[in-house]
Amino acid sequence: MTAEMVAPAWMHEQITAEQYDSWSEEQCAGVEIVDGMVVVSPSASKRHNRLARILANALDDAAGADWNADTDFDVRLQDVPLTNRRPDVVVYRAETIDVTPTRPEHVLLVAEVVSPGSETTDRVVKVDQYAKAGIAFYWRIEQAATGVPLVYTSVLDPATRTYREGDVFTGVVKVAAPFPVEIDLGQI
């Protein structure tokens with residue numbers, strides 16, 4: 001059995017931004033591109049999706065007219081080699097809603113809901129990629145065994161392009177930056 005029989009060619013060959021941009025929405029759903037290689041993500045659990053949606057809705061309500069918060073779309077971190085990430089929640093400039101691809105300069109905050117199998121990627125790899133891309137805020141949401149999520153906030157140090165750890169919240173997130181918001185994540 002050859003690799004072509006197991007997976008399509010685009011899954012084991014480096015792709016360019018132009019190739020990716022020609023794909024349909026169905027081909028792009030559920031994948032991220034890291035250094036030009038396709039990374040397939042398993043479907044998220046209902047608990048994961050609910051947590052992301054509650055967070056996105058609360059951030060969208062608090063963001064005002066200048067910012068939108070949404071889920072499930074690509075953020076193009078770099079063109080060569082192509083790196084597209086699909087954060088669980090993205091807060092981005094409202095005026096860029098129709099701009100494709102979404103770039104780091106359009107984004108204020110990304111949030112990742114950690115799931116089994118994504119721990120290292122969400123705690124180490126994505127943190128570094130988002131920081132190097134210049135995204136000002138990164139939130140990591142851990143789904144604790146108690147059902148009450150933990151939210152770890154990070155703020156970009158522009159001089160070093162690394163995140164410094166911010167506050168950690170249990171259940172209720174109450175922050176002033178990037179804008180004042182109180183989010184009750186309760187028991188999910």
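Note: hydrogens, waters and symmetry copies are ignored here, and every other heavy atom, side chains too, is used. Source: prediction; values computed, not measured.
Of all heavy-atom pairs spanning Ala111 and Leu55, the tightest one is CB-CD2, 3.7 Å. The minimum heavy-atom distance between Ile33 and Leu82, with the atom names listed, is CG2-O, 3.4 Å. Residues Trp23 and Gln19 share a closest heavy-atom pair of CD1-O, 3.1 Å. Closest heavy-atom contact between Trp139 and Pro178: CZ2-CD, 4.4 Å. Heavy-atom minimum distance, Pro87 versus Tyr130: CG-OH, 3.4 Å. Scanning both residues, Pro81 and Gln14, for their nearest heavy atoms gives CB-NE2, 3.7 Å.
The side-chain heavy atoms of Thr83 and Gln129, taken from C-beta on, include a pair separated by under 4.5 Å. Glu32 has its side chain out of reach of Leu77: every pair of non-hydrogen atoms, C-beta onward, lies at least 4.5 Å apart.
Residues satisfying the ring-ring contact (aromatic ring centres under 6.0 Å, His included) test with Phe137, not counting sequence neighbours, are none. The side-chain hydrogen bond (donor to acceptor under 3.5 Å, both in side chains) check on Asp35 picks up nothing, with sequence neighbours excluded. Judged as a side-chain contact (heavy atoms from CB on, under 4.5 Å), and not counting sequence neighbours, the contacts of Ser115 are His48, Ser118, Gln143. Judged as a side-chain hydrogen bond (donor to acceptor under 3.5 Å, both in side chains), and not counting sequence neighbours, Thr71 has no contacts. Every residue was checked against the side-chain contact (heavy atoms from CB on, under 4.5 Å) condition with Ser22, not counting sequence neighbours, and none meets it. With sequence neighbours excluded, the residues that form a side-chain contact (heavy atoms from CB on, under 4.5 Å) with Asn68 are Asp60, Asp70, Tyr92, Ala94, Ile97. The side-chain hydrogen bond (donor to acceptor under 3.5 Å, both in side chains) search around Glu26 returns Ser24, not counting sequence neighbours.
Judged as a salt bridge (Lys or Arg N to Asp or Glu O under 4.0 Å), not a single pair has a partner in residues 147-158 (not counting sequence neighbours). Sorted by first and then second residue, the salt bridge (Lys or Arg N to Asp or Glu O under 4.0 Å) pairs involving residues 87-104 (not counting sequence neighbours) are Asp79-Arg103. A salt bridge (Lys or Arg N to Asp or Glu O under 4.0 Å) check over residues 110-120, counting only residues at least two apart or in different chains, returns the pairs Glu112-Lys126. Sorted by first and then second residue, the salt bridge (Lys or Arg N to Asp or Glu O under 4.0 Å) pairs with a member in residues 135-144 read Arg123-Glu142, Arg140-Glu142; sequence neighbours excluded.
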| request: Determine, stepwise, if the pair Leu185 / Ile54 fulfils side chain to side chain contact (heavy atoms under 4.5 Å, CB included). | output: CA-CA 7 Å; Leu185 297 174; Ile54 289 169; 3.8 Å; yes
| task | Show your reasoning for whether side chain to side chain contact (heavy atoms under 4.5 Å, CB included) applies to Tyr20 and Gln27. | result | CA-CA 9 Å; Tyr20 185 77; Gln27 286 175 295; over 6 Å; no
| request: Go through the steps to decide whether Leu156 and Tyr138 satisfy the test side chain to side chain contact (heavy atoms under 4.5 Å, CB included), and finish with yes or no. | output: CA-CA 8 Å; Leu156 184 68; Tyr138 177 73; over 6 Å; no
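A side-chain contact (heavy atoms from CB on, under 4.5 Å) with Asn84 is found for one member of Asp74, Val39, Val34 and no other, namely Asp74.
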Tell me which donor-acceptor pairs under 3.5 Å the side chains of residues 159-173 have, and how far apart each pair is, sequence neighbours excluded?
from   : atom 1 : to     : atom 2 : distance (Å)
Thr160 : OG1    : Thr162 : N      : 3.4
Thr160 : OG1    : Thr162 : OG1    : 2.6
Arg161 : NH1    : Lys132 : O      : 2.8
Tyr163 : OH     : Ile135 : O      : 2.7

